[in-house]
Amino acid sequence: MDAILLQVLNGLDKGSAYALIALGLTLIFGTLGVVNFAHGAIFMIGAFCAVTLSRILSLSFETIDPTKVDFLGNPATIKTPYVEAWFGPEFGGALIDWAVPLAILFSIPIMIAVGFIMERGLIKHFYKRPHADQILVTFGLAIVLQEVIKYFYGANPISTPAPEVFKGSFDFGAMFGFDPNVIIYPYWRMVYFLFAAVVIGAVFSFLRFTTFGMVVRAGMADRETVGLLGIDIDRRFTIMFGLAAAVAGMAGVMYAPILSPNYHMGMDFLVLSFVVVVVGGMGSLPGAVAAGFLLGVLESFASMNEIKSIIPGIDQIIIYVVAIIILLTRPRGLLGKRGVMEE
Amino acid sequence: MAEKQYKTAENMSANHAESAPAYFSVWDLHAYYGESYIVQGVSFNVHEGEILALLGRNGAGKTSTLRAIARLDDPMVTHGEIWLDHQHLHTMKAHEAAIAGLGLVPEDRRIIPGLTVEENLQLAQIVEPIGWSLERIYDLFPRLKERRKQEGITLSGGEQQMLSIARALARDIKVLLLDEPYEGLAPVIVDEIEKTLRIIKAQGITTILVEQNAVRALNLADRAVILDTGTVVYDGSAKEVLENETLRAEYLAI
Amino acid sequence: MGILEVKGVGKRFGGLQALGDVNLSVQENTVHAIIGPNGAGKSTLLNCLVGKLIPDTGSVTFDGQSVLGRKPHEINQMGISRVFQTPEIFGDLTVMENVLIPCFAKRDGSFRMHAYESIEQEPDILQKAEQMLIDVNMIDKRHMNGSSLSRGDKRRLEMAMCLVQDPRLLLLDEPTAGMARADTNNTIDLLKEIKEQRDITMAIIEHDMHVVFSLADRITVLAQGTPLVEDTPDNIKGHPKVKEAYLGETQEV
Amino acid sequence: MLGLNKTDSKFLLIVILLTIFTPILMQPFAANSGLDQFNGGYPDLMQKVAIFGIFAVGFNILFGLTGYLSFGHAAFLGIGSYAAVWMFKLLTMNVIPAILLAMIVSGLLAVVIGYISLRRSGIYFSILTLAFAQMCYKMAYSVLTPITNGETGLQLSLSDPRVLDGATTSTSLPVTNIFGLAMNSSYKVEALNRVFTFNVGFYFCAIIAIIAFYVAIRLFRSPFGMMLRAVKSNQQRMNYMGLNTKPYTLAAFVISGMYAGLAGGLLAAMDPLAGADRMLWTASGEVVIMTILGGAGTLMGPVLGAGVIKYLENIFSKINETVLHSWFHWLPDGIEEVVVWIFARFTGEGWHLTLGITFMLVVTFLPGGLVEGLKRLARLARKGRKKTDKFDESDPDHTPPPSKHVV
Amino acid sequence: FTNDPTGSTVTLGFNVPQSGAYADEGADELRAYELAVEHLNGGGDGGMLNTFSSKALEGNGILGKKVEFVTGDTQTKSDAARASAKSMIEKDGAVMITGGSSSGVAIAVQGLCQEAGVIFMAGLTHSNDTTGKDKKANGFRHFFNAYMSAAALAPVLKNLYGSDRKAYHLTADYSWGWTQEESIAAATEAMGWQTVEKVRTPLGAGDFSSYIAPVLNSGADVLVLNHYGGDMVNSLTNAVQFGLRDKQVNGKNFEIVVPLYSRLMARGAGKNVAGIHGSTNWHWSLQDDASKAFVKSFGTKYGFPPSQAAHTVYCQTLLYADAVARGGSFNPCAVGEALEGFEFDGLGNGPTLYRADDHQCFKDVLVVRGKENPTSEFDLLEIVEVTPAAQVTYPADHPMFAGGALGACNPGA
Ligand SMILES: Nc1ncnc2c1ncn2[C@@H]1O[C@H](COP(=O)(O)OP(=O)(O)OP(=O)(O)O)[C@@H](O)[C@H]1O
Ligand SMILES: Nc1ncnc2c1ncn2[C@@H]1O[C@H](COP(=O)(O)OP(=O)(O)OP(=O)(O)O)[C@@H](O)[C@H]1O
Ligand SMILES: [Mg+2]
Ligand SMILES: [Mg+2]
């Protein structure tokens with residue numbers, strides 16, 4: 001019982017990560033009809049926004065400390081972050097510590113700009129082209145983005161911790177009368193879960209309570225006719241892309257403490273997020289979110305040793321097995337619309 | 001006898017320079033689908049509030065001309081001018097032309113999949129200027145009101161045609177371009193739509209009507225332009241065509 | 001008993017009873033026209049005949065065999081071909097290929113692994129397809145892509161694709177809509193000729209009364225999903241109910 | 001010729017000639033000319049181009065004709081390799097049985113995966129195939145290690161039975177061969193300051209590639225090929241035309257799966273190791289990209305795409321800064337540093353960047369792939385001789401006269 | 001024999017990951033290779049050539065031939081690595097292939113070199129199999145292995161955490177992970193620890209939370225992370241995030257152990273490594289002359305200290321060159337003979353032996369701990385103990401290494 005509860009909690013949290021990534025992807029993929037293989041790269045750039053901000057905040061000036069030596073035996077240089085010098089070590093230190101949450105603010109304009117540039121510079125030529133062409137061009141773009149990041153940040157993961165206050169975990173079990181330490185849940189993951197809920201809610205309301213969503217959907221189905229109705233669909237597509245990039249970027253920022261960012265994390269997530277989106281059903285935002293949570297929870301369950309001892313290796317393939325089963329029983333995924341991307 | 005009524009593209013351009021400024025005019029329009037040269041120098045004028053019938057055989061280039069006028073990407077206009085009430089449409093994109101007052105009812109209706117009937121109409125009213133209200137549209141097409149929650153593309157052929165016309169009226173337009181609006185409609189409805197067109201005309205909206213049912217179109221229209229292989233072969237009054245056997249036989253096969 | 005028997009067919013879409021209780025019997029080697037207002041359920045009825053839709057109630061038999069529950073390709077192989085209301089052709093294939101495909105389907109059945117033969121070595125089929133294109137007056141467009149045809153041409157092509165199959169029952173959903181008058185007349189002639197030359201039964205939906213009255217042996221008027229009347233063309237023409245519900249006042253041509 | 005019409009025969013002949021002379025054509029630069037880095041005429045690369053050519057041609061039968069975008073074709077490549085290596089381990093080092101088994105096994109797998117996946121179309125199909133391939137990959141990497149040897153990949157070992165070859169007392173591993181002729185034996189010719197390597201393995205692959213290519217031409221020109229294109233264009237219409245699209249697509253899927261299996265078998269025949277990485281989704285993506293890069297739906301495109309990608313991977317990744325310095329040593333010091341720095345971003349460890357940029361440029365500017373580029377070049381060459389553009393002639397400057405509408 | 005260098009130069013093939021998760025290791029390896037080549041050709045300050053006990057090398061290349069090299073990208077995939085190595089052998093005429101940063105790649109390329117008839121000097125490869133069941137006559141390994149890690153680590157763990165501990169293993173689900181788990185479990189069980197559970201995790205799982213969460217509830221008080229690379233960084237980060245290290249289980253502090261450490265990876269885990277023990281092959285803070293000489297020449301050239309990967313491949317290059325010089329020939333069989341049973345000193349890690357039976361090298365192993373207060377970005381690990389070679393040496397027929405046969409050296413065509 002407690003083990004199951006634990007895995008459900010865990011799965012919800014994993015699921016919120018999947019859902020958030022899939023949400024951004026489905027905005028582009030399900031509504032603009034572009035198979036965006038660069039979406040993972042956008043997520044990755046988001047994560048690196050966090051890295052960058054924490055680096056900017058820790059920008060330091062160097063002083064030579066003759067009492068210490070560096071690895072070559074020369075006098076060591078001591079680095080002091082500017083922020084600490086300016087605002088005092090206390091506040092400065094706190095700023096550096098809070099780099100990840102601050103990076104949310106920092107990332108939004110950057111990610112929107114990235115989205116705009118990508119759409120205007122490249123993607124807009126590909127709305128009418130076959131999916132295969134879209135795959136090729138966005139895959140190329142993803143590689144280029146990765147390589148650029150790799151050049152500046154190297155290939156190894158970069159530790160990007162959450163603020164100190166979020167370290168450690170909350171003992172749910174104790175709250176509900178289980179033994180201590182049985183059901184624990186790290187604070188940062190709770191933050192992530194809440195954050196995901198807020199973002200998902202915001203995106204939903206934006207698309208639900210404005211005509212924007214309808215226009216974009218219509219534009220994807222038939223650009224020409226929408227143009228005949230006086231709507232500048234290009235501009236709205238651009239905005240949509242910027243929005244999707246911002247969502248993916250924020251997901252990346254917040255994920256950085258959970259998964260130390262590295263340059264190919266985007267590719268690692270890509271396949272999974274496509275599976276999530278498709279299992280959810282093309283063009284359906286609730287579907288993407290539901291599928292994200294479903295797969296997250298199932299994956300958590302499959303990782304339990306009790307289950308693995310029955311079906312060895314099930315945790316490796318559970319996502320794919322579930323995807324296959326769902327697609328075979330529900331032709332258009334969980335909540336997919338007819339005719340979207342079935343050609 | 002019919003000689004002097006035949007106006008070719010060449011003397012049209014002279015005509016264009018001299019005659020009084022037209023409300024809507026197309027001058028020497030050339031357009032391509034990729035490599036194939038389809039609209040080969042089409043010119044005509046329409047006066048405000050007039051109905052112009054644009055006729056011709058299958059493949060004559062009627063649809064292509066309308067699409068070119070509506071500033072769609074295909075066919076690509078390589079040369080020519082389009083003027084509407086002192087605005088030059090030929091420099092505009094499709095959505096700008098639509099805002100400028102052009103409304104096209106495309107030949108295959110183009111109901112947007114995934115949207116309900118009502119959403120299809122609402123979509124037309126997102127950008128100013130807005131034309132008929134939904135109530136007024138539903139008054140004219142009660143069938144659409146019945147079906148308004150249904151997905152647009154599941155409508156019957158005729159219902160779709162109604163929706164497509166209604167969608168054009170939902171915008172405040174100056175010129176209505178109709179590509180075969182009667183196609184697939186029951187005779188009663190055709191009568192109905194004809195009445196509507198007269199109402200529209202009475203409101204001062206200029207109409208260009210492409211129609212295979214030439215007799216019907218000519219009865220309604222003030223003037224007629226006949227296209228053949230992408231060029232204008234006749235430009236004159238509609239009555240004349242109706243009355244002139246030779247013309248009808250030669251270009252319309254009726 | 002007719003070659004096509006429709007008994008008590010009904011079909012619902014959500015809250016809409018698109019077809020009520022349709023009974024229809026089409027006699028062999030006749031042309032049976034189905035007319036009726038827009039949204040009457042004419043296309044829906046055809047959809048039930050070719051397996052695109054499965055009716056909620058009733059039965060459909062063709063030549064004594066039930067078509068319900070069969071897949072569209074099986075129904076076609078029984079000898080039923082259909083022209084759609086919005087042209088359904090192969091946009092990426094040339095006009096010639098568009099006609100070749102039904103030829104192969106007719107000869108080889110619903111599947112054959114003819115991966116190693118060459119089309120060029122099938123003179124019979126090539127010739128048949130060419131003849132068909134000549135008949136519908138499209139031979140000069142044989143190398144054009146389906147998608148770059150004008151709308152009227154697409155319709156003619158689709159009709160050719162159905163005719164070349166030599167179907168026993170041909171279903172035509174507004175075959176001449178959007179066709180120029182001249183071509184409409186040609187089409188009427190062509191269909192008449194085919195009707196005389198071959199054993200073929202046709203069910204035709206049209207809003208162009210000229211076509212209907214030139215071709216039909218019998219007419220069924222459908223309104224709101226149920227047959228209003230069924231009679232000979234002459235009787236239908238003067239039928240007051242039909243006039244009110246469908247034909248309207250102005251009668252052209 | 002061989003039941004092909006004239007243009008196709010000519011085409012095939014050109015392909016055959018190109019293949020025969022590959023060892024010479026891919027060795028255009030003299031040794032020590034500085035550019036010899038760009039020579040690709042060594043056995044491994046030539047074999048890879050031929051093999052991945054087969055893979056892509058097969059993939060194109062499914063994707064180019066029917067439009068079904070499989071994202072799991074690497075599974076067939078991988079299983080083909082495993083099957084072949086097992087054949088080498090158990091039966092004989094002769095490549096023929098290995099390749100046959102590879103095709104059979106991958107064909108069977110394709111029947112299963114195809115039957116299930118083809119129940120859906122569009123992106124749903126792609127994801128189904130992807131899911132199957134990822135399952136194969138994950139299992140091969142972990143649970144199935146006893147069969148696949150996991151991370152390292154399935155290798156030959158001295159203790160393998162190899163029933164047909166009889167016991168060998170040799171202390172070194174046997175090599176793959178065709179009736180005794182070793183795959184890795186090469187004949188080297190030194191001429192024109194270049195070393196040309198004529199390798200048995202390459203010619204073996206080349207012959208098979210030509211056969212595979214010939215079969216593909218036949219298929220493209222056959223009624224079956226036309227049906228597949230019709231599937232892509234309008235499945236509905238086919239059904240109402242009396243054609244059952246399922247067996248057509250399944251047949252295409254299985255054929256292309258067998259092509260992939262054949263390619264996998266050949267990979268193992270050239271280098272008897274089968275790794276799980278061959279089944280990773282990026283490997284499936286690679287063949288998609290080869291096909292699109294070259295030109296989906298064309299005969300030559302996939303081969304071209306395979307060649308370009310394998311060439312980039314093998315040649316560009318090896319141009320390190322030392323090589324660059326040796327190229328640009330004649331430049332003044334400061335400039336040399338800058339130039340080398342710039343080039344180094346695109347070569348050596350930066351070769352992925354070149355790959356990415358190539359994808360973007362090709363697909364943006366040559367929508368039909370490299371084949372389209374070649375066609376355009378040919379057209380340009382023809383146009384150069386005879387310029388015709390009736391529209392330009394009639395109105396050269398496109399400037400309409402001032403209009404009276406201007407108030 | 002294959003690729004007998006006939007001209008005035010000899011080409012070595014450096015086959016390293018340039019893309020993928022280990023690209024940084026690859027880049028560091030390349031730096032070390034370049035340094036080694038420079039030193040072999042008489043450039044620079046000579047580095048460890050000066051401290052190396054064998055004096056056969058004269059700084060005039062190898063056997064008087066100037067050393068040149070080619071590089072390639074393994075992509076950390078067996079296939080790509082073999083393709084790259086093949087092109088070095090076939091196209092560039094390389095006589096020796098070296099590099100790599102995973103066991104799968106090392107074993108695959110080792111197999112290729114055996115067949116092609118060139119020498120393979122392994123880079124980073126820690127699996128027992130490389131010199132166990134997959135050993136090859138043409139291949140040599142300077143790196144230590146999972147067994148040696150465990151043998152070095154176990155006594156230290158016993159001292160620190162006592163002999164009454166319950167261990168929970170999380171293991172990357174592939175062959176290296178398995179040998180690592182087998183080795184460390186055997187070593188810790190031998191000193192009295194219990195193994196509560198062994199859980200396999202998918203390679204590249206990313207988020208390990210669902211594997212970490214049940215740990216506390218299992219009754220275990222030590223978590224052993226048999227992960228490497230990105231998996232290690234992520235699982236450790238997750239474990240710390242769950243607050244495992246602040247917990248008490250069975251009345252003891254909960255502890256985490258990472259059997260195989262690398263500094264580059266430790267950086268990815270950041271502060272999370274503080275106080276966590278593991279083993280490593282070599283570390284720049286070693287104070288012997290050889291290590292100092294190497295750190296000096298590397299640090300002067302590149303501005304930061306070398307990683308263990310850099311150290312390993314530098315040694316491999318020197319050892320190969322030295323063996324050629326001593327054997328007097330580039331023939332792989334001569335080289336192999338010169339290396340087999342070779343004892344030397346002065347390359348860091350103290351006196352070292354290349355065992356003839358399996359081509360594994362035996363030298364001191366370092367047990368390290370993540371530093372609590374690093375003074376610089378390189379100063380992440382501190383050496384806790386240098387376990388002498390004798391303590392980690394095992395018999396050549398040890399069951400964990402059983403299976404394959406070395407075979408005979410293959411000089412190729
Ligand atoms: N997308 C296209 N690409 C190439 N050619 C095209 C395309 N669309 C139409 N055409 C060609 O342009 C010519 C004119 O077509 P258009 O559709 O304008 O004719 P139309 O007068 O509207 O005919 P219809 O009465 O049949 O609708 C035809 O010959 C047609 O084949
Ligand atoms: N898939 C569907 N879902 C919901 N309603 C449908 C669907 N298909 C058809 N309908 C409705 O059923 C009714 C009958 O449609 P049908 O297409 O059969 O009419 P029709 O007689 O062919 O008309 P027309 O002459 O205009 O083509 C229409 O009101 C239509 O809106
Ligand atoms: Mg038209
Ligand atoms: Mg209908």
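The sequence lines fix the lettering, A, B, ..., with proteins before strands; numbering per chain opens at 1. Predicted, not measured: the structure shown is a model, and the values here were computed from it.
- In plain terms, the two heavy atoms of C:A177 and B:G184 that are nearest each other are CB-N, 4.3 Å.
- Using a 4.0 Å cut-off between charged nitrogen and carboxylate oxygen, C:R151 and B:E183 count as a salt-bridge pair.
- Among B:I189, B:V190, B:L155, B:L185, the residue with the largest count of heavy-atom pairs under 4.5 Å with chain C is B:L185.
- Both the backbone and the side chain of B:D108 come within less than 4.5 Å of a heavy atom of chain C.
- The candidate with the highest count of non-hydrogen atom pairs below 4.5 Å against chain C, out of B:Q160, B:R147, B:E211, B:M162, is B:R147.
- In this structure, B:K201 places its NZ atom where more than 12 heavy-atom neighbours from other residues, nucleotides or ligands lie under 6.0 Å away.
- Contact count against chain C (heavy-atom pairs under 4.5 Å) is highest for B:E107 among B:R57, B:E107, B:K62.
- Contacts of C:L16 with chain B are made by side-chain atoms alone, with heavy-atom separations under 4.5 Å and no backbone atom involved.
- Contact count versus chain C (heavy atoms, under 4.5 Å) is highest, among B:S36, B:A60, B:G61, B:S156, for B:S156.
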Subject >> C:N38 and B:Q161: CA distance, side-chain angles, deciding distance, side chain to side chain contact (heavy atoms under 4.5 Å, CB included) verdict >> reply: CA-CA 10 Å; C:N38 295 113; B:Q161 189 67 56; over 6 Å; no
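- Between C:G36 and B:A186, the shortest heavy-atom distance links the atoms O-CB, 4.4 Å.
- No more than 12 heavy atoms of other residues, nucleotides or ligands lie within 6.0 Å of CD in C:Q224, so this atom counts as exposed by the packing criterion.
- The distance from the NE2 atom of C:H210 to the CG atom of B:N213 is 11.0 Å, given to the nearest 0.5 Å.
- Between chain B and the options C:M179, C:R156, C:E206, heavy-atom pairs under 4.5 Å are most frequent for C:M179.
- Among residues two or more places apart in sequence or in another chain, the salt bridge (Lys or Arg N to Asp or Glu O under 4.0 Å) test is passed with C:E174 by none.
- Judged by distance alone, the side chain of B:N58 and the main-chain N or O of C:D153 form no donor-acceptor pair under 3.5 Å.
- Contact record, B:R143 with C:G39: NH2-O, 3.9 Å, taken as the closest heavy-atom pair.
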